[in-house]
Amino acid sequence: MHKPISRSDLAPSTVWPQCPLDDHIDYVLLDQPTIQQRVRELGQMISTEYAGKDLLLIAVLKGSMVFMADLMRAITIPHAIDFMATSSYGAEVTSKGVVRILKDLNEPIAGRNIIIVEDIIDSGNTLGYLSRILHERAPTTIRILTLLDKPERREVDIPVDWVGFAIPNHFVVGYGLDYNEIYRNLPYIGVLKPSVYSKPAA
Ligand code: IMP
Ligand code: MG
C-alpha cells in the first residue's frame with residue numbers, strides 16, 4: 001500500500017547544471033532559490049485567495065511558460081490553464097508597441113475568474129492590449145500577475161495586481177525569457193552582456 005504523500009515530503013528543487021550560455025551573462029539578477037521562493041509565495045497567495053472558486057490561469061507564450069509551469073505546481077487548489085501567444089520583438093531589445101495575436105485561447109472565458117500570467121511587463125503594450133480584448137469576452141474577474149516588472153519603462157498604464165519582482169531597466173534573459181529565442185533554459189534570471197546584442201549583423 002502506498003502512503004499518501006504531502007508536498008512537504010518532496011525533495012527540495014534541484015539546482016540545474018551550468019551551461020556554456022552562462023558565459024554570455026554579465027551578472028545574475030535573481031538566482032534559482034530566490035525565484036523558487038517567490039513563486040511558492042505567489043502560489044500560496046493565489047491558493048488562499050481563490051479557494052472554493054473557479055480559476056483559469058492564462059499564460060502568455062512563450063516567455064511565461066517556465067514561470068507558469070512552476071507557478072501551477074505551487075498552487076494547491078484545482079484550476080485550469082490556457083495559453084495565448086503574441087508577437088515578440090524578434091531580435092530587437094526595445095518595444096515597438098505592436099501587438100499581434102499569434103495564438104488565441106482554446107475556450108471561452110465568459111463567467112470565469114481569470115489570471116493573466118506574464119513573464120515581464122516592460123512598456124505595458126502587450127498586456128494593455130491583451131487585457132482589453134479579454135475584458136470584452138466578459139470574464140467574471142480578470143487579474144494580472146507578472147513575474148517581473150520594469151516600472152521605469154511603462155508607456156501604457158495597466159493595473160498589475162501582483163508582481164514577483166520589480167527590476168531595473170536592463171535586458172534580462174533566463175527562466176523563460178529569451179534574446180533571439182535563446183537563453184530561455186537558464187534556471188536563473190540574468191543580465192545579458194551588451195556585447196551579445198550589440199554585435200554588428202554579419
Ligand atoms: P511590453 O509589451 O513592452 O510590456 O513587453 C512585454 C514583452 O516583451 C514581454 O512579455 C517579453 O516577452 C518581452 N520583453 C520585455 N523586456 C524583456 C527583457 O528584458 N528580456 C526578455 N524579454 C523582454
Ligand atoms: Mg511575454
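None of these values were measured; they are calculated from a predicted model. Order of appearance sets the numbers: ligands from 1, and atoms from 1 within every ligand.
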(message) Using 30° and 60° as the class boundaries, would you call the ring planes of Tyr175 and Phe67 parallel, tilted or perpendicular?
(response) tilted
(message) Between Tyr183 and His24, is there a side-chain donor-acceptor contact under 3.5 Å, judged purely by atom types and distance?
(response) yes
Give the numbers and elements of all ligand 1 atoms closer than 4.0 Å to a heavy atom of [X].
X      : result
Asn125 : 2 (O), 4 (O)
Thr126 : 1 (P), 2 (O), 5 (O), 6 (C)
Lys150 : 16 (N), 17 (C), 18 (C), 19 (O)
Leu177 : 21 (C), 22 (N)
Glu118 : 10 (O)

(message) Quick check: Gly124 and ligand 1, any N/O pair under 3.5 Å apart?
(response) yes
Does only the side chain of [X] get under 4.0 Å from ligand 1, or the backbone, or both, or neither? Count heavy atoms.
X      : result
Glu155 : neither
Val173 : neither
Asp122 : both

(message) One pair to check against side-chain contact (heavy atoms from CB on, under 4.5 Å): Phe165 and Leu29. What are the steps and the verdict?
(response) CA-CA 10 Å; Phe165 304 94; Leu29 194 63; over 6 Å; no
(request) Tell me which one of Tyr183, Phe171, Tyr179 gets a heavy atom nearest to atom 17 (C) of ligand 1. (result) Phe171
(request) Please work out which of Val172, Leu147, Ile189 has its closest non-hydrogen atom nearest to atom 21 (C) of ligand 1. (result) Val172
(message) Under 4.0 Å between a side-chain nitrogen and a carboxylate oxygen: does that hold for Arg137 and Asp104?
(response) yes
(message) For the CD atom on Gln37, are there more than 12 heavy atoms of other groups (residues, nucleotides or ligands in this structure) within a distance under 6.0 Å?
(response) yes
Within-shell test, [X] vs ligand 1, heavy atom, strictly < 4.0 Å:
X      : value
Arg153 : no
His170 : yes
Asp178 : yes

(request) Look up atom CG in Asp82 and atom CG in Asn106, then write down how far apart they are to the nearest 0.5 Å. (result) 4.5 Å
(request) Using a 4.5 Å cut-off on heavy atoms from C-beta on, say whether the side chain of Leu130 contacts that of Met84. (result) yes
(message) To check you understand the geometry: which heavy-atom pair defines the closest contact between Leu71 and Gly43, and what is its length?
(response) CD1-N, 4.0 Å
(request) Test Thr126 against every option in Ile121, Ile158, Thr86 by the side-chain contact (heavy atoms from CB on, under 4.5 Å) rule and name the one that passes. (result) Thr86
